[in-house]
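Notes to accompany the following structure.
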Amino acid sequence: MAATPPTDAELNTMIRARLASLGIDLDQLPAGTTADPATGSPGRDSVLASLRSFVRGSVTTLASFQLPAPAGSDPAHAAALSQQPAPMLYPSISTAWRR
């Protein structure tokens, strides 16, 4: 069964929740699509339209990206091998975060 694409209202809810988790409140922007003449801030509706377009166009492409498996590896294990963590310059920092 194919997944149904989200509606604009569902995307608005997801975008607002994601931004709220980062401390960004879109309600601080002027309502509508017209930019605020004093500050140049874009309208709330135009920001949401732009973010919906970004989510629809980019997220599925980024989510489907798969790193190449090491040369000579078995094709049956290529997907699992591509999920190995990338080498880090300072692995001790990452190790401390996971504790």
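Computed over heavy atoms, backbone and side chain alike; hydrogens, waters and symmetry mates excluded.
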Open item on the list: Just verifying a value: how many Å separate I15 CD1 and L26 CG, rounded to the nearest 0.5 Å?
Closed with: 8.5 Å
Task: OG1 on T39 to CG on L29, rounded to 0.5 Å - done: 8.5 Å
TODO: Indicate yes or no for a side-chain donor-acceptor contact from S21 to the backbone of R18 under 3.5 Å, with no hydrogens or angles considered.
DONE: yes
- [ ] Give a yes or no on whether the backbone of T7 and the side-chain of E10 come within a donor-acceptor separation of less than 3.5 Å.
- [x] yes
Task: Minimum heavy-atom distance S46-T33, with the two atoms named - done: OG-O, 4.0 Å
Task: Least distance between heavy atoms, P42 atom then P30 atom - done: O-CD, 3.6 Å
Open item on the list: Give me each pair satisfying salt bridge (Lys or Arg N to Asp or Glu O under 4.0 Å) with a member in residues 50-66, each pair once, sequence neighbours excluded.
Closed with: D8-R52, D8-R56
Open item on the list: Among residues at least two apart in sequence or on other chains, which ones pass side-chain hydrogen bond (donor to acceptor under 3.5 Å, both in side chains) with T34?
Closed with: none
